[in-house]
Number of protein chains: 2
Amino acid sequence: MNGSLMIYQSLLDHIRRYVDLEPSEIEVLCSFLSHRHVAKKTFLLEPGKVCAANYFISSGCLRLFFITTSEQEQITHFGLENWWIADYGSLTSQRPSQYYIQAVEDTEIIELKASVQDELLAKVPKLERYFRLVLLRAYTASQRRIEFMNNLSGEDRYNQFTAMFPDFAQRVPLYMLASYLGFTPQFLSKIRAKRN
Amino acid sequence: MNGSLMIYQSLLDHIRRYVDLEPSEIEVLCSFLSHRHVAKKTFLLEPGKVCAANYFISSGCLRLFFITTSEQEQITHFGLENWWIADYGSLTSQRPSQYYIQAVEDTEIIELKASVQDELLAKVPKLERYFRLVLLRAYTASQRRIEFMNNLSGEDRYNQFTAMFPDFAQRVPLYMLASYLGFTPQFLSKIRAKRN
DNA sequence: TGAAAAAATGAAACTAGTTTAAGAAATGAT
DNA sequence: ATCATTTCTTAAACTAGTTTCATTTTTTCA
């Protein structure tokens with residue numbers, strides 16, 4: 001709105017795909033947001049803490065993971081450009097999370113703090129629709145993930161995933177991909193050795 | 001609204017937990033709904049067909065499942081009282097589904113057809129909020145399910161599930177529980193034999 | 001630039017869960 | 001009541017993926 005380089009542009013563009021906001025509504029919205037650079041390996045959330053905000057990723061990559069009973073990192077979610085990421089269980093209940101959210105690379109985020117989200121939605125009700133549609137998309141993706149995990153063997157998941165997202169598969173360390181795909185790094189090495 | 005036994009009461013009660021509707025809004029809403037009795041084993045959706053509606057379950061139980069590459073039924077979701085169920089991927093895109101939705105028992109549903117959902121939301125914008133909150137709950141549950149599946153062994157999943165939902169575990173055939181929990185009925189029998 | 005840390009590979013022993021196949025028990029329709 | 005279908009169990013052989021541990025390669029950063 002003012003000349004400050006529009007640090008929220010990526011989010012405003014994303015919202016415009018779903019709802020049309022008046023300039024005045026955009027102004028209100030921006031007054032509720034804040035922008036943050038998150039250096040690689042920084043944690044936005046750790047177990048025992050309450051998830052403080054819903055994070056919109058302008059650029060970079062975050063991961064959501066927890067430690068399993070067998071003490072392994074289990075990645076449940078990667079957050080990329082134009083996705084919101086949070087532990088919605090903790091965010092909604094304001095109870096302590098079991099999860100980590102960590103930057104995989106240097107990442108730019110726009111945050112909407114839990115404490116003000118309801119106030120924002122009361123002031124700009126059109127955003128109810130926007131967030132409904134965002135959640136619809138997220139829920140659908142989550143269902144697809146459950147299907148993916150149950151439908152294919154580890155080897156097939158790896159092959160299909162790298163075929164579908166070749167650039168992303170390069171972007172994260174292999175052990176993170178293995179975790180996300182639901183097997184060990186050793187098994188991934190085995191698969192790759194077999195392919196050559 | 002009129003004296004017709006309030007077939008939509010369960011849904012109206014559910015909505016009232018999240019938003020307050022005026023009598024006039026309730027009237028509009030009800031004009032968009034329809035009620036249906038679904039006999040056990042009836043399919044509401046089959047592969048190749050487009051998911052026609054979002055279904056609210058007043059009573060009974062539905063299951064959402066697909067056939068895996070190894071030709072097994074894989075249940076991804078059970079729908080119980082006061083949950084909405086649909087293949088949101090197909091519902092949103094109006095493209096053919098890969099899924100079945102089938103009644104596990106005689107079930108009463110209230111349906112909101114895909115073709116009129118947008119019109120309803122335009123006329124009763126408060127429902128944007130209601131459906132946002134419903135999706136938030138569904139998405140959170142879906143994330144918990146992914147965590148559950150990745151965190152525990154098959155045996156632990158069975159033990160924890162039956163401890164948490166003893167009545168539900170009785171309500172569905174064991175082979176459905178096995179599928180939902182991500183293993184074979186034979187393995188489930190093995191677990192039970194071990195417990196005795 | 002070089003030392004330390006992080007990430008990836010390899011191989012052998014192992015195990016959680018599958019597969020196949022057959023029979024037993026329960027449920028449902030007539 | 002009875003036959004047919006659906007659901008559940010048992011057992012043995014098998015396999016996809018894990019575990020453990022050692023080695024190599026790559027990245028980080030002072």
Side-chain angles (χ1 to χ4, degrees), chain A residues 38-43 60-61 63 65 67-75 78 100 102-107 148-162 168-196, chain B residues 39-43 60-61 63 65 67-75 78 100 102-106 148-162 168-196:
Chain A
V38 187
K40 185 171 174 171
K41 296 197 180 170
T42 307
F43 291 100
C61 178
R63 63 176 179 144
F65 70 97
I67 305 296
T68 65
T69 49
S70 42
E71 296 177 334
Q72 311 270 341
E73 290 182 359
Q74 175 61 55
I75 298 177
F78 284 111
Y100 296 86
Q102 189 190 29
V104 175
E105 0 174 300
D106 283 16
T107 299
F148 181 70
M149 296 300 280
N150 285 298
N151 198 20
L152 302 175
S153 68
E155 183 166 2
D156 288 348
R157 290 198 299 274
Y158 176 72
N159 290 330
Q160 198 155 313
F161 190 87
T162 51
F168 180 74
Q170 293 312 109
R171 205 165 143 186
V172 298
L174 279 183
Y175 75 91
M176 288 193 192
L177 205 54
S179 168
Y180 182 72
L181 293 177
F183 46 70
T184 60
Q186 291 88 333
F187 184 62
L188 201 157
S189 278
K190 225 191 237 178
I191 295 169
R192 299 183 106 210
K194 191 152 71 168
R195 288 221 291 197
N196 304 334
Chain B
K40 185 171 173 171
K41 296 195 179 172
T42 306
F43 290 99
C61 178
R63 63 176 180 143
F65 70 97
I67 305 297
T68 65
T69 50
S70 42
E71 297 177 332
Q72 311 272 340
E73 290 182 359
Q74 175 60 56
I75 298 177
F78 284 111
Y100 296 86
Q102 188 191 30
V104 175
E105 6 176 294
D106 282 17
F148 180 71
M149 295 301 279
N150 285 300
N151 198 20
L152 301 174
S153 67
E155 182 166 1
D156 288 347
R157 289 199 299 276
Y158 175 72
N159 289 330
Q160 198 156 314
F161 190 88
T162 50
F168 180 73
Q170 293 311 110
R171 207 165 141 185
V172 298
L174 279 183
Y175 76 90
M176 288 193 192
L177 205 54
S179 168
Y180 183 71
L181 293 176
F183 45 70
T184 59
Q186 291 88 331
F187 184 62
L188 200 157
S189 278
K190 225 193 237 180
I191 294 170
R192 300 183 105 210
K194 190 152 72 167
R195 288 220 292 197
N196 304 334

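Reminder, nothing fancy here: chain letters follow the sequence lines and each chain counts from 1. Bear in mind that the values here come from a model prediction, so they are computed numbers and not experimental data.
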Check: Does A39(B) have any side-chain contact (heavy atoms from CB on, under 4.5 Å) partners at least two apart in sequence or in another chain, and if so, which?
Finding: T42(B), D106(B)
Checklist line | Contacts of type salt bridge (Lys or Arg N to Asp or Glu O under 4.0 Å), residue K194(B), not counting sequence neighbours | finding: E155(B)
Notebook entry, point to check: Start at the 5' end of DNA chain C and walk down; is the nucleotide closest to P173(A) or to R157(B) reached first?
Noted result: P173(A)
Check: Looking at residues at least two apart in the chain, or sitting in another chain, which of them share a salt bridge (Lys or Arg N to Asp or Glu O under 4.0 Å) with R171(B)?
Finding: E81(B), E105(B)
Item checked: Angle between terminal axes - the helix from dT1(C)-dA30(D) to dT30(C)-dA1(D), 5 pairs each end, rounded to 10° -> 60°
Notebook entry, point to check: Nearest 0.5 Å, what's the CG-OG1 distance between L152(A) and T69(B)?
Noted result: 5.5 Å
Item checked: Distance (rounded to the nearest 0.5 Å) between I191(A) CD1 and N159(A) CG -> 7.0 Å
Notebook entry, point to check: Atom CD of E71(A) to atom C1' of dT18(D): distance rounded to whole Å?
Noted result: 16 Å
Check: Hey, can you pull the residues of residues 174-187 of chain A with a non-hydrogen atom under 4.0 angstrom from DNA chain C?
Finding: L174(A), Y175(A), Q186(A)
Next item on the list: Kindly write out the residues that satisfy ring-ring contact (aromatic ring centres under 6.0 Å, His included) with F148(A), not counting sequence neighbours, or none if the list is empty.
Entry: none
Next item on the list: With sequence neighbours excluded, tell me which residues meet ring-ring contact (aromatic ring centres under 6.0 Å, His included) with Y100(B).
Entry: F43(B), F65(B)
Checklist line | T107(A) (side chain) donor-acceptor with V38(A) (main chain) under 3.5 angstrom | finding: no
Notebook entry, point to check: Rounded to whole angstrom units, what separation is found between the NZ atom of K194(B) and the P atom of dA11(D)?
Noted result: 15 Å
Checklist line | Counterpart residues, side-chain hydrogen bond (donor to acceptor under 3.5 Å, both in side chains), relative to Q74(A) (two or more places apart) | finding: none
Under 3.5 Å, which N/O atoms of the protein pair with N/O atoms of nucleotides 28-30 of chain D?
from: dT28(D); atom 1: OP1; to: K40(A); atom 2: NZ; distance (Å): 3.1

Next item on the list: Write down the distance between CG (L188(A)) and P (dT19(D)), rounded to a whole number of angstrom.
Entry: 15 Å
Note to self: Does anything in residues 173-190 of chain A form a side chain to side chain donor-acceptor pair (under 3.5 Å)? List the pairs, not counting sequence neighbours.
What the structure shows: none
Checklist line | Nearest-0.5 Å distance that lies between atom CG in D156(A) and atom CG in N151(A) | finding: 9.0 Å
Margin query: Once salt bridge (Lys or Arg N to Asp or Glu O under 4.0 Å) is applied, do any residues pair with R157(B), and if so which ones, sequence neighbours excluded?
Written below: none
Notebook entry, point to check: When we call it a touch if two heavy atoms are under 4.0 Å apart, what does S153(B) touch: a base, just sugar-phosphate, or nothing?
Noted result: sugar-phosphate
Next item on the list: Verify the ring-centre separation between F183(B) and Y158(B): is it less than 6.0 angstrom?
Entry: no
Next item on the list: For DNA chain C, note the earliest and the latest nucleotide, 5' to 3', having some atom under 4.0 Å of a heavy atom belonging to chain A.
Entry: dA7(C) to dG10(C)
